[in-house]
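Chain identifiers are assigned alphabetically (A, B, ...) following the order of the sequence lines, protein sequences preceding nucleic acid strands; residue numbering begins at 1 within each chain.
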Amino acid sequence: MEKLEELTDQQRQRLLKLERIRQHGIDPYPARVQRTHTAAEARRNYEADESFGEEKIILTGRLVAIRKMGKITFAHIADGSGKIQLFFQHNVLGEENYRFFLQNFDIGDFIEAHGHLFRTRTGEITLNVEKYRLLAKALHPLPEKWHGLKDVELRYRRRYLDLLANEDVRQLFITRSRIVKAMRHFLDSKGFIEVETPILQPIYGGAAARPFETWYHALERKFYLRISDELYLKRLIVGGYEKVYEIGKDFRNEGLDVRHNPEFTMMECYQAYADYHDMMRLTEEMIAFIAQEVLGTTRITYAGHEIDLTPPWPRATMRDLLIEYTGIDFEEYRDLESLRKAIEKRNLQVDPKPTWGKQVDELFSEYVEPYLIQPIFVMDYPVEISPLAKRKPEAPHLVERFEPFVGGMEIGNAFSELNDPLDQRERFLEQAEARERGDEEAHPIDEDYIFALMHGMPPTGGLGIGIDRLTMLLTDKQSIREVILFPQLRTL
RNA sequence: GCCUCCGUAGCUCAAUUUGGUAGAGCAGCGGACUCUUAAUCCGCGGGUUGCAGGUUCGAGUCCUGCCGGAGGCACCA
């Protein structure tokens, strides 16, 4: 709180009221609360049987509206279940108590109200207040009741006000919670066990990204915040678990935009004796299940598009999609130079990339990805951008990897996991060379992980789903910040 | 990091093409009002126009820099 002389008029008024309340010997922040029913319960009981009005009940909540009309006053309070109207009468409360309420209570204050339910002339179920008590004084006015809080910066910086003022935002984060709950339910029902692996890691891995760094005092060395859960979860498959998953935060030290927040939530699961085809079936079934559980349908609207999540989703290879959208068959241009010439020849506008695999990926991002509105699995990526995935037996320059796309958005990543320790070592070494050449996102070598693989890992399918993006999809939000309660902003 | 746009009262927004004393609604304060629903009616207060400079007789408005935000580019799942 600022210095007194910097307070606004309204803050001074509320401090004044607080002082008056204290002078009456009332604790404006009492420790104990009484409540017999939530607003919704009270309303439901009364609707079921109006004799419920004979029962004396106690409701609690935040004052969200006060309508003074002389010797009577209407107010609304809101608790977690919803709103309900309160009715204050001069001749029920008595002169002193009635005036005390009007003089010292503000919108935003929490109140405990004792009384009986009845219906007003307009039919609204209302508590006739016989006794009231302050539960917590608010010293700052709430956002305006009609227009709410619109300023995006304020909505993110003071999310509590956003949640108070904008019901749709409150609902959205309930939906997010239900999405995660449904995902857990789905995986649990399939026999997966939920595990927790380190967030602070001596070597990061499992994705191509720059990490956040920190210092571990007790161990006197640099540590990293994880960029994925992958390598630890696969150690658990080596350890003998057949189905594991983890839902948690990953951290990637990169820029922010409408689809990226440096701190984001990922679900990763691994299934022994499975391949990427099995993971495709798992993915489409899981997403459809979540949509059905949370939205009651597998047909959704995203950014104005009607999208049908009903399985099965089409499968298409990256190669076929590139031929379809750009006319380029990368199998005909197997080195960087010829590929670039092909791109040039067709007048396609893509940024130059240092390797063949990255160039293919860039072409795909630019000319295919935005058009993948209906759900689809894009399969078979270049090996050099997939150092942890198993090669396709019939095409060893490609890997058994897929990414699910919906709404023009990549919502996950999956593969048949590479379980050949010697090939894995080779791939790490190639990454190390890329690092030498200045690729800051190349994987560091994780000898301990190779050591684990050397003890034998069964053929395994792995899948990662971005929870934030899935939430965007199911809540029709085009910015990732809208589905993160406290998105990262610059400090003021 | 670069480009474009934005920042006015606690909140939502005005402020005349092309510079001329910063307004309204809600919220607040005082008053009237015993069935209201954005209650209504009368009156009152509330601002270093994001910050710092500059141009000008005069800047919310034009210029420069900085801070913050949004969108885009680059990077990325």
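Nucleotides A74(B) and A9(B) have their P atoms positioned 36 Å apart, rounded to a whole Å. The separation of G20(B) from A15(B), taken at their C1' atoms, amounts to 13 Å, rounded to a whole angstrom. Nucleotides G54(B) and U8(B) place their P atoms 24 Å apart, quoted to the nearest Å. Only the P atoms considered, G30(B) is 39 Å distant from G69(B), to the nearest whole Å. G46(B) and G23(B) are spaced 13 Å apart, taking the C1' atom of each and rounding to whole Å. The same atom, C1', is picked in U18(B) and in G25(B); the two are 30 Å apart, to the nearest Å. The separation of G7(B) from U61(B), taken at their P atoms, amounts to 11 Å, rounded to a whole angstrom. The separation of C42(B) from A52(B), taken at their P atoms, amounts to 39 Å, rounded to a whole angstrom.
Both tests do not hold together for Arg43(A) against Tyr46(A): distance to the six-membered ring centre under 6.0 Å, angle to the ring axis within 45°. Geometrically, Arg401(A) engages Tyr381(A) in a cation-pi contact, judged by NZ or CZ lying under 6.0 Å from the ring centre and within 45° of the ring axis.
Using a 4.0 Å heavy-atom cutoff across all strands shown, Tyr156(A) reaches sugar-phosphate atoms only and no base atom. As judged by a 4.0 angstrom heavy-atom cut-off over every strand, Asn261(A) is placed among the base-contacting residues. Arg155(A) comes within 4.0 angstrom of nothing in the nucleic acid, heavy atoms only. Using a 4.0 Å heavy-atom cutoff across all strands shown, Ala165(A) reaches no nucleic acid atom at all.
Checking C26(B), C75(B), G68(B) against every side-chain atom of Glu441(A), the shortest atom distance belongs to C75(B). Candidate nucleotides A74(B), A70(B), G71(B) were compared by shortest atom distance to the side chain of Leu489(A), and A70(B) ranks first.
A donor-acceptor pair is defined here as one N or O able to donate and one able to accept, closer than 3.5 Å; no such pair exists between the side chain of Arg437(A) and the backbone of Pro354(A). Judged purely by atom type and a 3.5 angstrom limit, Glu144(A) uses its side chain to pair as donor or acceptor with the backbone of His147(A). Within the 3.5 Å criterion, the main-chain N or O of Arg210(A) finds no donor-acceptor partner in the side chain of Tyr224(A).
Protein atom CG of Leu127(A) is 17 Å distant from nucleotide atom C1' of U37(B), rounded to whole Å. Rounded to an integer number of Å, the gap from Lys358(A) NZ to C75(B) P is 10 Å. The distance from atom CG of Leu63(A) to atom P of C26(B) is 20 Å, rounded to the nearest whole Å. For the pair Phe251(A) CZ and C75(B) P, the computed distance is 25 Å after rounding to whole Å. In this structure, Glu153(A) atom CD and G71(B) atom P are separated by 12 Å, rounded to whole Å. The distance from atom CD of Glu254(A) to atom C1' of C73(B) is 16 Å, rounded to the nearest whole Å. When rounded to the nearest whole Å, the span between CG of Leu86(A) and P of A39(B) equals 14 Å. The nearest whole Å value for the distance from the CZ atom in Arg157(A) to the P atom in G7(B) is 17 Å.
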Are there any protein N/O atoms within less than 3.5 Å of an N/O atom in nucleotides 11-15 of chain B, and if so, which ones and at what distance?
from   : atom 1 : to        : atom 2 : distance (Å)
C11(B) : O2'    : Glu144(A) : N      : 3.4
C11(B) : O2'    : Gly148(A) : O      : 2.8
U12(B) : OP1    : Lys150(A) : N      : 3.0
U12(B) : OP1    : Asp151(A) : N      : 2.9

Is there any protein nitrogen or oxygen under 3.5 Å from a nitrogen or oxygen in nucleotides 28-35 of chain B, and what are the pairs?
from   : atom 1 : to        : atom 2 : distance (Å)
G28(B) : O4'    : Gln10(A)  : OE1    : 3.4
C29(B) : OP1    : Lys17(A)  : NZ     : 2.4
C33(B) : N3     : Gly70(A)  : N      : 2.9
C33(B) : N4     : Gly70(A)  : N      : 3.3
U34(B) : OP2    : Lys71(A)  : N      : 3.3
U34(B) : O4     : Asn91(A)  : ND2    : 3.1
C35(B) : O2     : Arg121(A) : N      : 2.9

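G23(B): Watson-Crick or G-U partner is C13(B), with both key distances under 3.5 Å. If you check C5(B) for Watson-Crick or wobble pairing at under 3.5 angstrom, you find it paired to G69(B). Remark: G43(B) base-pairs with C29(B). Criterion, Watson-Crick or G-U wobble with two distances under 3.5 Å.
Taking the six-membered ring where tryptophan is involved, the planes of Phe118(A) and Phe87(A) are tilted, since the angle between them lies from 30° to 60°.
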* To do: May I have the step-by-step check of ring-ring contact (aromatic ring centres under 6.0 Å, His included) for Phe251(A) and Tyr204(A), ending in yes or no?
  => CA-CA 10 Å; Phe251(A) 309 85; Tyr204(A) 59 94; over 10 Å; no
* Intermediate values then yes/no, side chain to side chain donor-acceptor pair (under 3.5 Å), Arg176(A) and Gln171(A) -> CA-CA 9 Å; Arg176(A) 179 173 173 137; Gln171(A) 283 305 327; over 6 Å; no
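Ring pair Tyr132(A)/His114(A): centre-to-centre distance not below 6.0 Å.
Contact annotation: Lys353(A) side-chain N/O to C75(B) OP1/OP2 distance is under 4.0 Å. Here Arg252(A) does not reach the OP1 or OP2 of C75(B): none of its side-chain N or O atoms lies under 4.0 Å away. OP1 and OP2 of C26(B) both lie 4.0 Å or more from every side-chain N or O belonging to Arg67(A).
No side-chain donor-acceptor contact under 3.5 Å links Glu112(A) and Thr60(A). A side-chain N or O of His116(A) and one of Glu130(A) form a donor-acceptor pair less than 3.5 Å apart.
Lys392(A) places a side-chain heavy atom less than 4.5 Å from the side chain of Tyr276(A).
Mapping Gly123(A) and Gly466(A) onto RNA chain B via the closest heavy atom, the residue that lands nearer the 5' end is Gly123(A).
With hydrogens and angles ignored, no donor-acceptor pair closer than 3.5 Å exists between the side chain of Glu124(A) and the base of U36(B).
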